[in-house]
Amino acid sequence: MIRIAICDDDKKMLEDIRKRTQEQLARMGRTGEICTESDAGLMELDLEDTDFDIYLLDIEMPGESGMELAKHIRGKDPDAVVLFISQYEKYFFETFAVHPFWVVRKSRLEEDFPQALENAVREAERQTEDSFLLETPQGVRKLRKRDILYFYRNGKYVYLVSKREEFRVRKALSAVAEDFARDDFIRINRGCYANLAHLDGNDSCRVFFDNGHEEVFALADKKRIMDSIREFHMRRLRREGE
């Protein structure tokens with residue numbers, strides 16, 4: 001199910017976009033959960049409790065603008081699929097600052113919106129394949145596996161470390177490892193798995209990540225880890241060359 005948030009201060013337009021969204025999802029054979037809000041500030045409060053797959057935002061609104069709302073969304077989810085829907089073309093170049101997925105003119109909703117939404121849905125689905133939902137004290141978060149540097153067990157909890165933050169879940173390490181059951185993660189000792197996509201190398205007791213981060217671990221098999229890093233990057237080069 002695709003979760004879509006729509007924000008426009010014009011309630012008639014808000015309902016029109018909601019209907020068009022519902023109709024396009026039906027044409028694509030998709031189901032969706034659609035949240036509508038006519039106030040960007042209230043929409044921002046909604047985002048404290050949940051994440052959406054796609055955001056459809058007006059630009060010029062009283063109070064907080066769509067641009068300001070998009071910046072808030074970007075701060076929470078840098079890869080969010082954001083579409084602006086506006087009648088004011090003078091703002092279109094300004095939207096580049098928040099890297100929208102698409103910009104649709106309200107005067108061309110009939111012609112441009114279906115294709116824009118279809119492309120956005122496909123991008124959201126592509127991202128979802130690499131994501132899982134994580135229960136946190138602040139609410140449900142969508143976490144992308146490719147953003148995780150490593151995860152490790154400490155007592156009753158597993159800690160997942162990304163480039164930006166760390167999350168804690170009360171779950172068995174084996175259960176979390178099943179969520180990451182793919183070639184990109186390697187077990188580096190009994191209590192820790194690391195993402196090969198972010199590993200640059202290791203020495204006798206440290207692993208080095210591609211953002212300059214390094215961690216000290218009791219490494220189970222140093223040669224196996226180095227060989228796995230080398231094989232992973234060779235596979236990726238072969239795929240890119242195909």
Side-chain angles (χ1 to χ4, degrees), residues 1-131 133 139-144 146-147:
M1 177 181 289
I2 301 292
R3 293 172 299 165
I4 300 175
I6 308 172
C7 189
D8 195 308
D9 65 301
D10 183 334
K11 293 185 179 180
K12 184 177 179 180
M13 179 58 69
L14 185 66
E15 177 61 15
D16 183 29
I17 296 171
R18 186 195 67 78
K19 286 182 178 179
R20 290 177 186 274
T21 299
Q22 206 165 37
E23 290 167 0
Q24 181 61 25
L25 289 176
R27 281 193 290 270
M28 295 178 66
R30 307 295 199 276
T31 58
E33 176 186 326
I34 302 173
C35 171
T36 60
E37 185 58 72
S38 60
D39 184 289
L42 293 178
M43 174 65 76
E44 191 171 309
L45 291 175
D46 293 339
L47 300 181
E48 298 302 320
D49 298 322
T50 189
D51 292 315
F52 294 93
D53 300 303
I54 299 171
Y55 300 86
L56 309 178
L57 310 178
D58 187 16
I59 296 178
E60 186 170 272
M61 293 185 283
E64 185 173 345
S65 71
M67 285 285 291
E68 292 169 321
L69 178 57
K71 288 176 183 177
H72 176 82
I73 293 167
R74 280 277 175 258
K76 186 179 180 185
D77 182 359
D79 298 318
V81 181
V82 175
L83 284 79
F84 284 115
I85 303 175
S86 178
Q87 62 182 335
Y88 299 110
E89 295 187 25
K90 63 183 180 180
Y91 294 123
F92 283 12
F93 285 110
E94 294 179 29
T95 66
F96 294 165
V98 291
H99 309 292
F101 181 77
W102 211 282
V103 180
V104 177
R105 288 176 290 178
K106 287 183 177 178
S107 61
R108 290 188 56 85
L109 274 179
E110 188 72 34
E111 298 87 349
D112 297 343
F113 182 73
Q115 187 63 59
L117 184 61
E118 179 175 337
N119 291 343
V121 168
R122 297 195 188 285
E123 172 61 19
E125 289 175 338
R126 185 192 67 78
Q127 292 188 12
T128 299
E129 289 175 0
D130 188 48
S131 305
L133 298 179
V140 178
R141 294 288 304 274
K142 183 171 70 175
L143 196 59
R144 293 182 177 85
R146 65 176 180 267
D147 292 338

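Note that the structure is predicted; figures quoted are calculated from it, not measured.
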Give a yes-or-no answer on whether the side chains of Q22 and R18 include a donor-acceptor pair shorter than 3.5 Å. yes

Evaluate whether atom CD of E111 has more than 12 neighbouring non-hydrogen atoms of other residues, nucleotides or ligands under 6.0 angstrom away. yes

Distance-only polar pair, side chains of N119 and Q115, donor-acceptor under 3.5 Å: yes

Minimum side-chain heavy-atom gap F84-I59 below 4.5 Å: yes

Does any non-hydrogen side-chain atom of T31 lie less than 4.5 Å from one of L25? no

Check whether any side-chain N or O of R74 sits under 3.5 Å from a backbone N or O of V98 as a donor-acceptor pair, and report yes or no. yes

Hey, does the side chain of D53 reach the backbone of R3 with a donor-acceptor pair shorter than 3.5 angstrom? yes

Tell me whether Q127 contacts the main-chain N or O of D79 through its side chain, where contact means a donor paired with an acceptor under 3.5 Å. yes

I'd like to know if the side chain of S65 and the backbone of M61 have a donor-acceptor N/O pair within less than 3.5 Å. no

Within this structure, what is the OG1-CH2 distance for the pair T95 and W102, rounded to the nearest 0.5 Å? 13.5 Å

Walk me through it: do D8 and K106 pass the test side chain to side chain contact (heavy atoms under 4.5 Å, CB included)? CA-CA 12 Å; D8 195 308; K106 287 183 177 178; 2.8 Å; yes

Would you say the side chain of F113 lies within less than 4.5 Å of the side chain of I85, judging by non-hydrogen atoms? yes

